[in-house]
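Here is the structure we will look at.
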Amino acid sequence: MQLKQTDIKLPFQSLFLIAPFFLWGTAMVAMKGVMPNTTPLFMGGVRLVPAGLLILLFTTLQGRSQPQGWKAWFWISLFALVDGALFQGFLAEGLERTGAGLGSVMIDSQPLAVAILSLWLFQDKIGFWGWLGLLIGVGGISLIGLPDELILNGFNLETAGMSWGVDQLFQSGEWLMLLASLSMAVGTVLVRWVCRYCDPVVATGWHMIIGGLPLFVLSGSLESQQWTHLGAYDWMALGYSTVFGSAIAYALFFYFASSGSLTSLSSLTFLTPVFALLFGNIFLGEVLSPLQSLGVGLTLVSIYLVNQRDTLAEKLKFNRSVPQNLNSLNEQQQQLHSSKAKAVELPVEK
């Protein structure tokens, strides 16, 4: 689906439109580079709370209204718990155990979960292309998240020399990223209720602050030496992830969304893991296995199909209607020629 030119009034609008996904992808790489010198929960809190304060400062300067009433604060708090604390917590813990590019692919598979939740809660139609994308996505995520040994040995745990249990499950970075993706999907659905009682950009700022504070509390209780080994480069990377990867990226995203471009934005979600994989390879030297590379490709295809299902259905419908219209036109032309021929053959009375 093409973005209407009237939706955005910014110079270099294409660059600004892609910017949130570029910033999210590169922020994943920056966070991965800092991970050896800090702790996951502390990093998650640093990415949320300062970014939330920046967004609230921005909305205050714009004169946007603050939340009013207990319903607004209830939905913001629930949004903060799911999309803030749980999402960033699982993301940071998972990033410690997996690569930046691979983790970004897992995170940006969340449109698949959003499609299922929307079908269940709002009866949104998925259609043929959507279901095809979901099935391909399941296969892609399986290739990414499951160990290569398990897949190559026909999912036989004994042959693959593996054991199954809850402890092993939560030690897998890919599965933690999948939990982060599901948390983000639920948070995306919750936004529909949040927007009924509060400005969405203001709610974004508050949900970052409320969701980030528990991460700091847990970090103080469970982690140690959170900033002892951080150098100047590490603080710069954290600052980039906070200012650009959170505050500016979310501000741009909601600006375009409020301009009526949400459908076009959702179709660009698949760009985030592409940027993360590219810069993860350049700066961190991350290399995927052949099976994981295939899974990445399938996941990107599935995300595209799910987000573009309406456009693809319309194109297919149009392509089917063209031959029918041509046949109808040919029949009309034949009838016209036949009537002309009969008119010529009529006898002329003398």
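Positions are given from 1 along the sequence.
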Yes or no on side-chain contact (heavy atoms from CB on, under 4.5 Å) for Trp193 and Arg196, after CA distance, side-chain angles and deciding distance? CA-CA 5 Å; Trp193 283 280; Arg196 295 178 183 178; 3.3 Å; yes

Point-to-point distance, once rounded to the nearest 0.5 Å, from CE of Met184 to CG of Leu179: 15.0 Å

How many angstroms lie between SG in Cys198 and CZ in Arg64, if you round to the nearest 0.5 Å? 10.0 Å

Do side-chain atoms of Asn37 reach the backbone of Val34 as a donor and acceptor pair under 3.5 angstrom? no

Within the 3.5 Å criterion, strictly below it, is a donor on Arg47 or Ser246 matched to an acceptor on the partner's side chain? yes

Connected via hydrophobic side-chain network under 4.5 Å: Phe216 and Ile210: yes

Using a 3.5 Å distance criterion without hydrogens, assess whether the side chain of Ser65 forms a donor-acceptor pair with backbone atoms of Asp199. no

Could I get the full list of side-chain contact (heavy atoms from CB on, under 4.5 Å) partners for Thr26, not counting sequence neighbours? Phe22, Tyr240, Phe279

Please check if Trp227 and Met35 belong to a single hydrophobic cluster, counting links between Ile, Leu, Val, Met, Phe, Trp and Tyr side chain heavy atoms closer than 4.5 Å. yes

In this structure, would Val301 and Leu135 fall into the same cluster of hydrophobic residues linked by side-chain contacts under 4.5 Å? no

May I ask you to check whether over 12 heavy atoms, not counting those of Phe42, lie within 6.0 Å of atom CZ? yes

Donor-acceptor pairs are to be reported for all side-chain atoms of residues 66-89 against protein atoms at under 3.5 Å, with residues two or more places apart or in another chain.
from	atom 1	to	atom 2	distance (Å)
Gln66	OE1	Trp206	NE1	2.8
Ser77	OG	Trp73	O	2.7
Asp83	OD2	His207	NE2	3.0

Distance col, row Leu57:CG vs Ile55:CD1, nearest 0.5 angstrom, shows 11.0 Å

If we ignore hydrogens and angles and just use 3.5 Å, is the side chain of Thr59 paired with the main-chain N or O of Leu56 as donor and acceptor? yes

